[in-house]
Structures are given as C-alpha cells and as structure tokens.
Amino acid sequence: MPDVGRFAPSTTGPAHPGTLLAALLGWLDQRSGGGRILLRLEDLDPERCTPGLATGMLADLAWFGLDWDCTTTQSELAEQHARALDRLAELGRLYPSGVGRAGLQAGGRRAPDGGWAYDNHERERPLPPGGWRACVEPVRARLDDGPIAVRDGSGADLIQDPAQAFGDPVVRRRDGAVAYHLAVVVDDAAAGVTRVVRGRDLASATATQVALQRILGLPTPTYRHHLLLLEERGRKHAKFHGAVGVPALRAHYDALALCGFLAWCAGLQATAAPCRPRDLVADFAWARVRTADLVVRWDGARLSAGESA
Ligand code: GLU
C-alpha cells in the first residue's frame, strides 16, 4: 500500500515562510516516494480562523507550486469528532476541567513545550447530565499513566509519559470547539494517514497523540519532525511568524525565487537558485535535509538565513 501523508496547517493567520517549508518537505516526502499527499486546513479555532485565512492559505500554497491529492477542511469533519468524543465518554475517559491558564500557572510545573502542565486532579469529576455536549467547562480525556515509546523517523527518541509531562489533554474547549490533539488523531486515522511530517515544535505532542490513538483503537502513523525557521525576538528565538507573511512576501519574491531560498535553507540545494517544488522531487532524501533550525531575517525586501548563535 502506498503511504499517505498530509500537510495540516492551522488557518489562524497567514502562511509564513516556515509554513511553506513544512508544506514543501511533507509534499516532497510523498511525491518522491510515490505516496499520496493530502491537505487539511485546520480551522477549528472559532476566534482566530476565518474563511478568508483558509482561502489565502490555499492560494499561497498553489502559488508556491504545490498540489494535493485531496483537500479537506477540519470544521467539516465535526461528525467524526463527535463520534470520537462519544467513544471516549463510553470508555469513561472524559471529565470536566475548570482549571484555566491561571490555575495551571499556579501549579507551577512546566510542560515539555514550555507551557504549564496539568496535574489531573479533576479525574474523578463526572460529566454533567447531558454528557460532553452539555458541558460548559473544557473537557479532558484521562490518559493511561506510564511511558509511551515513540521513535521519530530521524531516529530521535520521543519517549514520554504524557499524562505526567503535560497532564490529560483538553479534547473539547470551553467554547465547544474540538481541541487539537483529538481532532488531529481522528482526522489522520479517517484519512488513512500513514506518515506525519511536521515541524519540530510538535515533536513533544506526539506521545499524547499516540496515547489517544491507543485509547480509540486507531493506528499510529510514523512521525518525522523537521527543522524550524526561527526569528530573533530580543535575545530569544521564536518560530518565524511575526516578521513577514507570505501574502506580503509575494510583492518581493516570485514563487521560484522563494522556493529556491527555502530549498537552500533546507539543504536541498547548494545555492538559493530559483526552482519549483517539482524540480526537487528526483533528488529528495531526508538524509540531505538539514536538521538544525535556522534563523531567518527579513530586511523589508529580502530574506536571509544563518545559524542560530
Ligand atoms: N495544525 C498544526 C499547526 O499548524 C499542525 C498539526 C500537525 O501537523 O499535527 O501547527
């Protein structure tokens, strides 16, 4: 059976160069191996996602030269999300959780992604009459305690005890939106995804997602996490989000020039010579992809990249 990969950007803002790099690497992973590559627009956050951002994302990816075997929009998959919540409820895994950000912070324990860990102290709370649909608080899913062993495609060891490291995940938010970990696991399984390629910032989320797959009896895909493009924020580095988005970049770069720059960033070309994604398919191999993150700078007209100090 050929592999199935996916690129799953959140449409909470415009695409940025790191979005295109992630899209390019996931696309090359499948286009070079004869598999299928799906695009899933993750638009479940009602406060931040707008139809205009989804349309803009589609346009920027097409402009860049990427094509997809199938495109889905996560908000149209609500039925499969509801079925998964029903299943978790049947299994006795769901409970309401009133702890907000301030409560987590007061707990004072850091999670691997730099956020605050939750201590699972509400596990015994019952759902209200009417179940998760009637719950006005966030709903969490009780994970099994203990380590989940996962190895990244690059060989990196992602072993983690997610119930301890992060705490039980929120699976339904206070506003009723299905939360990221559950949606991603359910949608990948429903689409038959066998390979997940995504940025290193999500590596620490993998064990929680595998734990949910095991509870729901869903298969676990293989995972590969790649380099990130960073920007300087004071003396720290953050994901390259703020400096410039793709819609603004398009006034300064044509698609071939931007693809050449990103291919050079990723180690797929010795120079930033203009190219199209399809020019990179024949020689693509993960062994050639740079592993270390890169700091990218935007001077208002051109992008440049260098090692982080
Ligand atoms: N939608 C997530 C993001 O844009 C990625 C989901 C995933 O690849 O697991 O950060």
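Just follow the structure's listing: the first ligand is 1, and inside any ligand the first atom is 1. Every value quoted in this text rests on a predicted model; they were computed, and no experiment measured them.
Protein heavy atom at the shortest distance from atom 5 (C) of ligand 1 is Ala8 O, 3.4 Å. What sits closest to atom 3 (C) of ligand 1 on the protein, heavy atoms only, is Ser10 OG, 3.4 Å. Scanning the protein heavy atoms around atom 6 (C) of ligand 1, the nearest turns out to be Tyr180 CE1, 3.5 Å.
Of the options Glu122, Arg174, Glu137, a side chain to side chain donor-acceptor pair (under 3.5 Å) to Ser97 is made by Glu122 and by none of the others.
The atoms of ligand 1 that sit less than 4.0 Å from any heavy atom of Arg198 are 7 (C), 8 (O), 9 (O). Within ligand 1, the atoms closer than 4.0 Å to a non-hydrogen atom of Val184 are 9 (O), numbered from 1 in the order shown.
The side chain of Arg6, and not its backbone, has at least one atom closer than 4.0 Å to an atom of ligand 1 (non-hydrogen atoms only; side chain from C-beta on). The side chain of Leu202, and not its backbone, has at least one atom closer than 4.0 Å to an atom of ligand 1 (non-hydrogen atoms only; side chain from C-beta on).
In terms of heavy atoms, Val184 sits closest to Arg40 at CG2-NH2, 3.4 Å.
Taking the ring centre of Tyr118 as origin, the terminal cationic atom of Arg109 falls outside the region bounded by 6.0 Å and 45° from the ring axis. Cation-pi geometry between Arg110 and Trp116 is satisfied (NZ or CZ under 6.0 Å from the ring centre, within 45° of the ring normal).
In this structure, Phe7 does not count as a contact residue of ligand 1, since none of its heavy atoms falls inside 4.0 Å of the ligand.
Counted by atom type alone, Thr206 and Arg198 present one or more donor-acceptor pairs between their side chains at under 3.5 Å.
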* Residue pair Arg173, Asp45: steps toward the salt bridge (Lys or Arg N to Asp or Glu O under 4.0 Å) verdict -> CA-CA 9 Å; Arg173 299 170 12 157; Asp45 185 332; 3.4 Å; yes
